[in-house]
Amino acid sequence: MKNLIVFDFDWSLLDENSDAWVVKQLAPEIYGQWRTLYQRDTETWAEFMDKMMGMLHERNVTKEHIEESFRTVPMREAMVEAVRYCKENNSDLIIISGANEFFIEVILGVHFGMREIFSAVHTHRSRWHQGRLRVRPYHAPMTITRDAAGRIVREKLDEEDCEEEAWKEHSCTVCTPDLCKGEILAEYIQSGQYDRVFYIGDSDNDFCPSALLSKDDHVLLRKDFSLHKRLQAGQKEGDPTISAHLHLWERAEDVYSIFKTHISPSPSSSSSSSSSSSTS
């Protein structure tokens, strides 16, 4: 049985918000204004983080400073073990995240040596330009404005330093314009390669992909985080029903336990374990 394991990144695979972490470590005075600086009604998260990276650049924060700041970002050992267990037992692993490419590459590749375990990472685009990290949306570069009646209007951004043909738009009316995790996951489901999907998430933007899953699939939602609270509050008008098995988790050990309960060791994994124990 082939499994697809889908991880959100912040507060799911990582036991922290990487976006908040870097600002808190390198410019605590900006982090203190975090909530007021984010204009939820008029900018997407990708736009907000691009703005944050501009503010860090103005304070002479370099690429090396950002890389070093992630050296102590927490990823629990049990979560590392959970990831490796899945990889060893007939599962493909991917990340779908609202973080950005550079942060994830540094954290997984440089500091934890785990990047090769994940066959794909879908997240906001990022690139270094004139010594400053630019963050761009995964989906088509849009900004949010409101018309006179207060209705949201989506407008194309002027992306002078990006290749226009590289962008995709999404048609989801639930998600924000910069990222629809559901549309990304749908491509994997429609490929027909997987018998089951395990989705690990914590945030409100993990609702859309969770709602795509079947009764044979599993959603691991972090207790008391926004996805859990949304489901506790009851179904909103127009919301689809989640058919997948729901599992609450608090600690990385819980995730590992859920995987071990529902993903059986593959024959090759079992035999290699027996072999190593018999030779020790």
Under 30°, 30 to 60°, or over 60°: which ring-plane class applies to [X] and [Y], parallel, tilted or perpendicular?
| X | Y | result |
| --- | --- | --- |
| H170 | H139 | perpendicular |
| F48 | W34 | perpendicular |
| F259 | F7 | perpendicular |

- Query: Which atom names give the shortest non-hydrogen contact between G201 and D8, and what distance separates them?
  - Reply: CA-CB, 4.0 Å
- Query: If you look at every heavy atom in E88 and S266, which pair is closest and at what distance?
  - Reply: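 E88 and S266 have their closest heavy atoms at O-OG, 3.2 Å.
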- Do the non-hydrogen side-chain atoms of L227 and R222 ever get within less than 4.5 Å of each other? no
- Message: Would you say that I263 contacts I5 through its side chain, given a criterion of any heavy-atom pair below 4.5 Å between the two side chains?
- Response: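 The answer is yes, as the side chains (C-beta and beyond) meet within the 4.5 Å cut-off.
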Say whether [X] and [Y], considering side chains only, have a donor N or O and an acceptor N or O under 3.5 Å apart.
| X | Y | answer |
| --- | --- | --- |
| D217 | Y199 | no |
| D254 | S257 | no |
| D19 | W45 | yes |
| T36 | Q33 | no |

- Item | Lys/Arg N to Asp/Glu carboxylate O, R84 vs E81, below 4.0 Å |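 Here R84 does not pair with E81 in a salt bridge, since their nearest N and O are not under 4.0 Å apart.
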With distance as the sole test, does [X] use its side chain to make a donor-acceptor pair with the main-chain N or O of [Y] at under 3.5 Å?
| X | Y | answer |
| --- | --- | --- |
| D92 | L4 | no |
| T123 | S97 | yes |
| H57 | M53 | no |

- For salt bridge (charged side-chain N to carboxylate O under 4.0 Å, His left out), just list the numbers for R132 and D50, CA-CA rounded to whole Å, side-chain angles, deciding distance to a tenth of an Å, and then say yes or no. CA-CA 10 Å; R132 170 234 209 273; D50 184 63; 3.1 Å; yes
